[in-house]
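Computation of the quantities below employed the complete heavy-atom set of this structure, encompassing side-chain atoms and omitting hydrogens, waters and symmetry-equivalent molecules. Protein chains get the first letters and strands the later ones, always in sequence-line order, with residue 1 at the start of each.
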Protein chains: 2
Amino acid sequence: MSFTTTEENYIKAIFHLQQGEGTVSTNELAAELHTKAASVTDMLKKLKTKKLLSYERYKGVRLSAEGKKLALAIVRKHRLWEYFLVNTLQFGWDEVHEVAEELEHVSSKKLVEKLDAFLGYPKFDPHGDPIPDSHGKMAVQQQVNLIDLPLNKAAEVSSVGSQSTELLELLKHKHIGIGTKLEVKRKFSFDHSIEIKLKNQNPFTISQQLAQALFVKLV
Amino acid sequence: MSFTTTEENYIKAIFHLQQGEGTVSTNELAAELHTKAASVTDMLKKLKTKKLLSYERYKGVRLSAEGKKLALAIVRKHRLWEYFLVNTLQFGWDEVHEVAEELEHVSSKKLVEKLDAFLGYPKFDPHGDPIPDSHGKMAVQQQVNLIDLPLNKAAEVSSVGSQSTELLELLKHKHIGIGTKLEVKRKFSFDHSIEIKLKNQNPFTISQQLAQALFVKLV
DNA sequence: AATTATTTTTAGACAAATCTAAAAAATATA
DNA sequence: TATATTTTTTAGATTTGTCTAAAAATAATT
Ligand SMILES: [Mn+2]
Ligand SMILES: [Mn+2]
Ligand SMILES: [Mn+2]
Ligand SMILES: [Mn+2]
């Protein structure tokens with residue numbers, strides 16, 4: 001069976017909101033997709049008949065095995081294309097999300113597999129998110145939110161919590177990217193800001209909001 | 001202004017049928033796009049309001065300067081992606097057309113320019129068709145239809161007249177591709193078949209239909 | 001020139017995806 | 001528990017691209 005771009009965007013949105021387990025509400029989906037609750041209800045009925053999800057009125061929605069498989073295929077394409085754009089075409093990591101939003105809907109299976117091979121089967125995209133393999137399996141990164149990192153533990157940035165241009169612009173200004181090594185030097189309880197130190201740089205503080213948008217792994 | 005995939009496909013089809021100059025009929029377009037004349041009329045009215053073409057009822061259609069520019073941009077994307085698929089991802093030249101049909105509608109300008117640079121600004125696609133540059137200019141290949149090639153003149157295949165899988169399958173079987181060197185040894189007036197000879201191979205005959213689908217340049 | 005055949009356009013309908021406004025169900029609060 | 005608030009669904013329209021069937025215009029034949 002084949003699906004429209006719109007249907008695929010719904011499936012991907014449900015997958016991300018569902019986050020492994022749990023049920024997703026109509027309003028959550030409407031917000032995520034910048035549409036209205038009534039439109040979401042219509043689409044959920046349609047996707048139910050296509051067996052991509054289980055849905056009972058007023059009870060929220062959950063992807064079926066079928067739906068999860070489709071979601072993983074779309075996420076795989078999205079992240080492979082992002083990797084291609086950054087590593088092959090020299091895009092900045094902050095300019096690839098929108099383009100990948102389109103490329104992820106190109107349907108050729110063979111294209112995805114050939115692209116994956118050409119790129120050398122990468123495990124993580126430019127934002128540190130894991131790329132599902134052709135069977136839908138993805139590496140689990142041992143990572144912790146920067147806000148929870150203990151003081152003076154050497155760590156490196158492994159992923160970011162959002163793809164917003166606002167966040168990526170801020171990170172570029174502060175010279176923080178995937179792989180950046182850092183330590184937390186102090187935590188301020190007044191505003192929950194934290195002081196971090198990058199290699200060969202003076203320590204500086206970052207806001208609670210920024211810290212929460214960064215994930216790190218110990219090195 | 002931005003355009004839907006459908007609108008872009010209409011513009012590209014008109015461009016190809018128009019072939020430089022001339023006017024395109026509703027029925028020609030309907031056949032090319034596998035749709036009905038009534039649908040074409042509807043779309044032509046719409047594209048006229050968008051100033052992409054000039055159209056008077058019962059008088060056929062012709063692209064405006066604006067429309068030609070858009071058509072060239074789409075053709076550019078189509079052929080660059082085909083080149084990428086064959087030369088970077090190792091697709092066969094007979095399997096790329098359908099995929100490029102989708103990729104040509106990805107909208108990012110930056111993507112096209114970066115792709116072009118990555119590929120080294122190729123001038124011709126895998127089928128020998130010229131790739132428009134970022135200003136819409138394309139190389140003009142000095143080529144002649146194989147059916148018109150004089151006897152015993154060394155020539156090389158420079159492009160094919162269609163992208164159909166049927167044609168490309170036949171060419172693959174006969175080991176003929178872009179760049180293949182050959183000479184015409186005889187022409188048979190009974191069925192207009194011609195005998196050709198490839199390097200290090202015995203001569204063999206090909207049908208009139210096949211000869212007409214091949215373009216060559218003298219070497 | 002009159003008739004016939006072909007091409008093209010209109011009229012009206014439909015499916016997909018969306019919206020607003022109102023009704024219904026579920027949840028929270030008093 | 002009764003009432004108020006929030007969430008979700010239905011009802012009815014709208015837009016886009018398509019279709020069939022019938023009408024109108026053009027082109028081809030006698
Ligand atoms: Mn998308
Ligand atoms: Mn990403
Ligand atoms: Mn296309
Ligand atoms: Mn081509």
Side-chain angles (χ1 to χ4, degrees), chain A residues 1-15 17-19 22-63 67 70-71 74 101-102 104-107, chain B residues 1-15 17-19 22-63 67 70-71 74 101-102 104-107:
Chain A
M1 193 176 300
S2 90
F3 305 97
T4 67
T5 293
T6 308
E7 290 171 336
E8 291 190 348
N9 283 336
Y10 269 86
I11 292 298
K12 191 166 62 113
I14 296 166
F15 178 81
L17 291 172
Q18 192 171 287
Q19 188 63 20
T23 184
V24 179
S25 77
T26 301
N27 267 358
E28 281 179 278
L29 261 175
E32 176 79 9
L33 293 166
H34 307 105
T35 185
K36 298 302 159 67
S39 307
V40 172
T41 301
D42 289 345
M43 182 59 83
L44 292 182
K45 286 179 189 166
K46 187 181 166 198
L47 294 175
K48 183 184 181 177
T49 72
K50 294 201 174 190
K51 310 229 183 258
L52 292 174
L53 44 80
S54 59
Y55 162 71
E56 296 300 330
R57 66 201 192 302
Y58 294 104
K59 294 274 181 84
V61 69
R62 183 188 299 247
L63 292 182
L70 176 58
I74 302 165
E101 250 342 283
E102 287 186 61
E104 71 188 0
H105 303 290
V106 175
S107 62
Chain B
M1 195 177 296
S2 92
F3 306 97
T4 67
T5 293
T6 308
E7 290 171 335
E8 291 190 348
N9 283 337
Y10 269 88
I11 292 297
K12 190 164 63 110
I14 296 167
F15 178 82
L17 292 173
Q18 192 170 287
Q19 189 62 19
T23 183
V24 179
S25 79
T26 301
N27 267 359
E28 282 179 278
L29 261 175
E32 175 80 10
L33 293 166
H34 307 103
T35 184
K36 298 302 158 68
S39 307
V40 172
T41 301
D42 289 344
M43 182 58 83
L44 292 182
K45 285 180 193 166
K46 187 181 167 199
L47 294 176
K48 183 184 181 177
T49 72
K50 293 200 174 191
K51 309 229 183 257
L52 292 174
L53 44 80
S54 59
Y55 163 70
E56 297 300 329
R57 66 203 191 304
Y58 294 104
K59 295 273 182 84
V61 69
R62 181 189 298 248
L63 291 183
L70 175 58
I74 301 165
E101 246 349 277
E102 286 186 61
E104 71 188 359
H105 302 291
V106 175
S107 61

For B:L44 and D:dT16, give me the distance from atom CG to atom P, rounded to whole Å.
16 Å
Between C:dT8 (C1') and B:L29 (CG): distance, integer Å
13 Å
A:E102 and B:S107: side-chain donor and acceptor closer than 3.5 Å?
yes
I need the CD-P distance between B:E28 and C:dT6, as an integer number of Å.
17 Å
Without decimals, in angstroms, what is the distance between A:K45 NZ and C:dA15 C1'?
16 Å
Compile the donor-acceptor pairs under 3.5 Å between side chains in residues 28-43 of chain B and protein atoms, sequence neighbours left out, one pair per line.
{"unit_1": "B:E28", "atom_1": "OE1", "unit_2": "B:S25", "atom_2": "N", "d": "2.9"}
{"unit_1": "B:E28", "atom_1": "OE1", "unit_2": "B:S25", "atom_2": "OG", "d": "3.2"}
{"unit_1": "B:T41", "atom_1": "OG1", "unit_2": "B:A37", "atom_2": "O", "d": "3.2"}

In whole angstrom, give the distance that lies between atom CD of A:E7 and atom P of C:dA15.
16 Å
Is B:M1 close to B:L70 at the side-chain level, that is, under 4.5 Å between some pair of heavy atoms?
no
Throw together a table of side-chain donor-acceptor distances under 3.5 angstrom for residues 48-60 of chain B, partners on residues two or more places apart or in other chains.
{"unit_1": "B:K48", "atom_1": "NZ", "unit_2": "B:Y55", "atom_2": "O", "d": "2.9"}
{"unit_1": "B:K48", "atom_1": "NZ", "unit_2": "B:E56", "atom_2": "OE2", "d": "3.4"}
{"unit_1": "B:T49", "atom_1": "OG1", "unit_2": "B:K46", "atom_2": "O", "d": "2.7"}
{"unit_1": "B:K50", "atom_1": "NZ", "unit_2": "B:E7", "atom_2": "OE1", "d": "3.4"}
{"unit_1": "B:K50", "atom_1": "NZ", "unit_2": "B:E7", "atom_2": "OE2", "d": "3.1"}
{"unit_1": "B:S54", "atom_1": "OG", "unit_2": "B:R62", "atom_2": "O", "d": "3.4"}

Phosphate OP1/OP2 of C:dT7: any B:S25 side-chain N/O under 4.0 Å
no
Taking protein heavy atoms under 4.0 Å as touching, what does nucleotides 19-26 of chain D look like 5' to 3' if B marks base contact, S marks sugar-phosphate-only contact and - marks none?
BB---BSS
So which nucleotide from D:dT8, D:dT18, C:dT7 ends up closest to the side chain of B:N27?
C:dT7
Could you check whether B:T6 gets within reach of a base, just the sugar-phosphate, or nothing at all, counting any heavy atom under 4.0 Å?
sugar-phosphate
Between A:Y55 and D:dT8, is there a side-chain N or O to OP1/OP2 distance below 4.0 Å?
no
Spatial distance of atom CD (B:E101) from atom CD1 (B:I74) [nearest 0.5 Å]:
10.0 Å
Could you walk me through whether A:F3 and A:I11 pass the side chain to side chain contact (heavy atoms under 4.5 Å, CB included) test, one step at a time?
CA-CA 10 Å; A:F3 305 97; A:I11 292 298; over 6 Å; no
Whole angstrom value for the distance that separates P of C:dT10 from CE of B:M43
16 Å
